[in-house]
Amino acid sequence: MSASNVYENAPLGSLIKYGDEAPKPPARFTKRLAAWEGRNGVGRLVTKTPPREHETWPSPAAITLHEGDFSGGSVILVTVRRTHSIDSDLIFKIIERPAIGMVRVLQVFDDNIELLHLADNHEAAELWLAENHRSHTVLEEVTADEVGADVVEGRTAA
């Protein structure tokens, strides 16, 4: 599947695997392994950026995957995210979609929507939001209608 298909069909909060289908090099080849890890990974879909027309160049649509956080104690020091243009040459696969009853904590600015957190239920989402003060947030529950539409339209994880 292409990044374009992920952009069009995967809901925010989906777990996405991406790669170039090259075999993983042995650990002793540190430079090759680092390059391979830069082109192969798994992340949660947190944003879908629409195409934009700038004065000097056009910007194609893109997806951003949250790959993880590095923390010291209880403080997140570095957040790892990768943004892929929809014309990326990598191969993408939807591994998991959010389940019915899960709640997305979304931050909305103008036309930009970003997934901040995916909670198991409404209570957990409100608790996360109380501990992580953010402005312009919306709670959105994953409904049976959303999951059913994915099944009917053939967008279930394969």
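We count residues from 1, following the sequence as given.
- For the residue pair Ala3 and Ser85, the shortest heavy atom distance occurs at CB-O, 3.6 Å.
- The shortest distance between side-chain heavy atoms of Glu96 and Lys17 does not fall below 4.5 Å.
- Shortest non-hydrogen contact noted between Ala10 and Ile16 is CB-CD1, 4.2 Å.
- Sorted by first and then second residue, the ring-ring contact (aromatic ring centres under 6.0 Å, His included) pairs involving residues 119-138 (not counting sequence neighbours) are Phe109-His136, His117-Trp128.
- Linking ILVMFWY residues whenever their side-chain heavy atoms come closer than 4.5 Å, directly or via other members, places Leu115 and Val138 in the same cluster.
- In the hydrophobic clustering of ILVMFWY residues, with side-chain heavy atoms under 4.5 Å counting as a link, Met1 and Leu45 come out together.
- Inter-residue side-chain proximity for Lys24 and Leu33 is flagged as met; some heavy-atom pair is nearer than 4.5 Å.
- In terms of heavy atoms, Ala144 sits closest to Ile100 at CA-CD1, 3.8 Å.
- Qualifying side chain to side chain contact (heavy atoms under 4.5 Å, CB included) partners for Pro58, counting only residues two or more places apart in sequence or in other chains: Glu53.
- Every residue meeting the side chain to side chain contact (heavy atoms under 4.5 Å, CB included) condition with Ile113, not counting sequence neighbours, appears here in chain and number order: Leu12, Leu106, Val108.
- With respect to Leu15, the side chain to side chain contact (heavy atoms under 4.5 Å, CB included) criterion is satisfied by exactly one of Val42, Leu65, Ile94: Val42.
- The backbone N or O of Ser135 sits less than 3.5 Å from a side-chain atom of Gln107, completing a donor-acceptor pair.
- Val103 approaches Ala125 most closely through the heavy-atom pair CG1-CB, 3.6 Å.
- The salt bridge (Lys or Arg N to Asp or Glu O under 4.0 Å) test applied to Glu141 returns no partner, not counting sequence neighbours.
- At distances below 3.5 Å, not a single donor-acceptor pair connects side-chain atoms of Thr47 with backbone N or O atoms of Thr49.
- At a threshold of 4.0 Å, the pair Glu67-Arg82 counts as salt-bridged, since one of the basic side-chain nitrogens sits closer than that to a carboxylate oxygen.
- Taking the charged nitrogens against the carboxylate oxygens, Arg81 and Glu114 do have a contact shorter than 4.0 Å, which makes a salt bridge.
- Remark: Leu90 CG to Ser2 OG distance equals 11.0 Å, nearest 0.5 Å.
- For Ala35, there are no side chain to side chain contact (heavy atoms under 4.5 Å, CB included) partners two or more places apart in sequence or in a different chain.
- Listed by first then second residue, pairs satisfying ring-ring contact (aromatic ring centres under 6.0 Å, His included) with a partner in residues 11-32 read Tyr18-His84, not counting sequence neighbours.
- By the side chain to side chain donor-acceptor pair (under 3.5 Å) test, Asp120 is found to be paired with no residue, residues two or more places apart in sequence or in another chain being considered.
- For the pair Lys48 (side chain) and Tyr7 (backbone), a donor-acceptor distance under 3.5 Å is present.
- Val6 and Ile86 fall within the same hydrophobic cluster, defined by Ile, Leu, Val, Met, Phe, Trp and Tyr side-chain heavy atoms under 4.5 Å apart, directly or through other members.
- Within the structure, side-chain hydrogen bond (donor to acceptor under 3.5 Å, both in side chains) pairs that include any residue of residues 28-41 comprise Asp20-Arg39, Asp20-Asn40, Arg39-Asp89 (at least two apart or interchain).
- In this structure, Ser14 and Arg44 have side chains that are not in contact, with every pair of non-hydrogen atoms separated by 4.5 Å or more.
- Applying the side chain to side chain donor-acceptor pair (under 3.5 Å) criterion to Asp69, with sequence neighbours excluded, gives His66, Thr79.
- Applying the side chain to side chain donor-acceptor pair (under 3.5 Å) test to Thr83 and every residue at least two apart in sequence or in another chain returns Thr64.
- The side chain to side chain donor-acceptor pair (under 3.5 Å) search around Asn5 returns none, not counting sequence neighbours.
- Cluster membership check: Val80 shares its hydrophobic cluster with Val75, using side-chain heavy-atom separations under 4.5 Å among Ile, Leu, Val, Met, Phe, Trp and Tyr.
- Partners of Leu129 under the side chain to side chain contact (heavy atoms under 4.5 Å, CB included) rule, at least two apart in sequence or in another chain, are Val105, Thr137, Leu139.
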(request) Test side-chain contact (heavy atoms from CB on, under 4.5 Å) on Met102 and Asn121 and set out the steps. (result) CA-CA 5 Å; Met102 291 183 115; Asn121 55 46; over 6 Å; no
